[in-house]
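Read the structure below first, then the notes.
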Amino acid sequence: MQTQYIGITQEIETFGKLELKESILRTDTLILEYELEDLKIELYKKTALIVEKISTFNDLLEILEQKKLNLEMLADYYEKSVSVTEGFKTSVELYKKIFSVEDTILDIKDKLESAKGEFKYLTNEDFDSVQKANITQDFFKEDIKKSPKYRIFEIKTKRLELQSKLEERQKYSNIKLNVSYNNRQNFDDYLSFSTSFALPIYGSEDAKVKKAKYLSVENLKKESDFFQNRVMIFDNSYKKVEYLRKRVENLNTIIERYAKLNEYDKSNIINRITLDKNIQNENLLLDLKVQKLKYKLDITTVLLELFYITKESI
């Protein structure tokens, strides 16, 4: 007697395991979405900072070129207007200062080209007259928990909790349903139904449950540590911005006074002494403007960091 049959086996998830697996897949998708959003915000921060640096470097070069021109004018005056000995000594000192300014100019130009190269690397575009980011909004500490980076920790914790529940339910085997159609020679055909399930190895399953629970607790600790670290960055950044803004305000007052003094001195140049004093005042004014540019770049750097750790999306 020869028997032929066609059979189908279907495994049926029990105790809600299928729903848990679907929930885990949804959390995996969410994590990927938040990771992408975090990358977008970080890229915006980096690009905006590079644009600010390029603008600052261009302004610095203008100031330094003017400072160099002032020193060259004074050196030329000394060479032509005073005794050879006195003029030579003074000219040597002035050219040393000019040399130092030229070194700074070369350094700034290198940084400028490097920043433009980095901008092209990040955006795949040549730097033209890109508008600077206007980061003027207020920042709130509670918004740290809205940032993609923090949300990833939250979702990972949720995923590990789901994984722990799944491992717990994996102790209970799925049911396999077998259906077959049998054809026998010289006998009637018949359908066969059967069910089966595997016997769990509780030692192995218990170990998996413990591991999942441990990873969940560990991630909760990482989440808490991450938040505390971001709070510390937030507080320090806020204090730094306030300090730097006050420095800029004070610097603006000093610059305004020196500018008025310089205008007065310019109108009273009668000899080399007043010319020397005027050039010193003007270069000091330029040095103050350089410091102001550095303060403003520092402020933007800190604001962009606050933007990154509190921004929900771009």
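Each residue takes its place number in the sequence, starting with 1.
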Practice prompt. Under the side-chain contact (heavy atoms from CB on, under 4.5 Å) rule, what do Lys296 and Thr300 come out as? Steps first, then yes or no, please.
Written response: CA-CA 6 Å; Lys296 291 180 73 175; Thr300 302; 5.5 Å; no
**Item:** side-chain contact (heavy atoms from CB on, under 4.5 Å) assessment of Lys67 paired with Asp287
**Value:** CA-CA 9 Å; Lys67 185 175 180 179; Asp287 287 339; 2.8 Å; yes
Could you please spell out the steps behind the salt bridge (charged side-chain N to carboxylate O under 4.0 Å, His left out) verdict for Glu42 and Lys45?
CA-CA 5 Å; Glu42 187 175 20; Lys45 180 192 80 168; 5.2 Å; no
As a quick check of understanding, evaluate salt bridge (charged side-chain N to carboxylate O under 4.0 Å, His left out) for Lys289 and Asp59, giving each step before the final call. CA-CA 10 Å; Lys289 289 181 178 179; Asp59 291 341; over 6 Å; no
Problem - side-chain contact (heavy atoms from CB on, under 4.5 Å) assessment of Leu39 paired with Glu35 - result: CA-CA 6 Å; Leu39 286 173; Glu35 284 177 345; 5.6 Å; no
> Hey, mind stepping through Ile309 and Tyr150 against side-chain contact (heavy atoms from CB on, under 4.5 Å) and telling me if it holds?
Replying inline: CA-CA 9 Å; Ile309 67 175; Tyr150 182 83; over 6 Å; no
Test log, rule salt bridge (charged side-chain N to carboxylate O under 4.0 Å, His left out), inputs Lys239 and Glu242
CA-CA 5 Å; Lys239 290 176 184 177; Glu242 290 179 354; over 6 Å; no
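A side-chain donor-acceptor contact under 3.5 Å links Asn58 to the backbone of Ile54. Remark: side-chain polar atoms of Ser114 are not paired, donor with acceptor, to backbone N or O of Asp110 under 3.5 angstrom. In terms of modelled atom types and a separation under 3.5 Å, the side chain of Ser147 and the main chain of Asp143 share no donor-acceptor contact. The backbone N or O of Lys96 lies less than 3.5 Å from no partner atom in the side chain of Ser100, so there is not a single donor-acceptor pair.
Under the 4.5 Å side-chain heavy-atom criterion for Ile, Leu, Val, Met, Phe, Trp and Tyr, Tyr238 and Ile299 are members of the same hydrophobic cluster. One hydrophobic cluster, built from ILVMFWY side chains closer than 4.5 Å, cannot hold both Leu160 and Leu32; they sit in different ones. A continuous path of ILVMFWY side-chain contacts below 4.5 Å connects Val101 to Met73, so both sit in one hydrophobic cluster. Residues Leu303 and Phe140 are members of separate hydrophobic clusters, defined by side-chain heavy-atom contacts under 4.5 angstrom among Ile, Leu, Val, Met, Phe, Trp and Tyr. Ile152 and Val231 fall into different hydrophobic clusters, defined by Ile, Leu, Val, Met, Phe, Trp and Tyr side-chain heavy atoms under 4.5 Å apart, directly or through other members.
Between Asn283 and Ile279 the shortest side-chain heavy-atom distance falls below 4.5 Å. Leu36 is not listed as a side-chain neighbour of Glu33, based on a closest heavy-atom distance of 4.5 Å or more. Looking at Lys292 and Leu288, their side chains never come closer than 4.5 Å, going by heavy atoms from C-beta outward. Between Ile50 and Thr123 the shortest side-chain heavy-atom distance does not fall below 4.5 Å. With contacts defined as side-chain heavy-atom distances shorter than 4.5 Å, the pair Thr253/Glu249 does not qualify.
The line from CD of Glu312 to CD of Glu37 is 8.5 Å long, rounded to the nearest 0.5 Å. Interatomic distance, Glu22 CD to Glu19 CD, rounded to the nearest 0.5 Å: 6.0 Å. Separating the NZ atom in Lys158 from the OG atom in Ser216 is a distance of 10.0 Å, to the nearest 0.5 Å. With rounding to the nearest 0.5 Å, the separation of OG1 in Thr27 from CD in Gln163 is 9.0 Å. From Lys46, atom NZ reaches atom OH of Tyr308 across 8.5 Å, with rounding to the nearest 0.5 Å. In this structure, Gln291 CD and Arg247 CZ are separated by 7.5 Å, a value rounded to the nearest 0.5 Å.
Gln66 and Asn70 share a donor-acceptor pair across their side chains, judged by distance under 3.5 Å alone. Between the side chains of Thr157 and Glu223, at least one donor N or O lies within less than 3.5 Å of an accepting N or O. There is a side-chain donor-acceptor pair under 3.5 Å between Ser23 and Arg26.
Across all their heavy atoms, Lys311 and Ile41 have their closest contact at O-CD1, 3.5 Å. Nearest heavy atoms, Ala115 versus Phe57: CB-CE1, 4.3 Å. A pairwise comparison of heavy atoms in Phe153 and Asn219 identifies O-ND2, 3.1 Å as the closest pair. Closest approach of Thr310 to Leu306, counting heavy atoms only: OG1-O, 2.7 Å.
Residue Lys116 qualifies as enclosed at atom NZ: its count of foreign heavy atoms under 6.0 Å is above 12. Atom CG of Asn250 is surrounded by more than 12 heavy atoms from other residues, nucleotides or ligands within 6.0 Å.
Centroid-to-centroid, the aromatic rings of Phe99 and Tyr95 stay 6.0 Å apart or farther. Two rings, from Phe307 and Tyr44, have their centers less than 6.0 Å apart.
Shown are Lys240, Arg230, Lys141; of these, the salt bridge (Lys or Arg N to Asp or Glu O under 4.0 Å) with Asp235 is made only by Lys141. A side chain to side chain donor-acceptor pair (under 3.5 Å) with Asp225 is found for exactly one of Lys221, Gln228, Lys222, namely Lys221.
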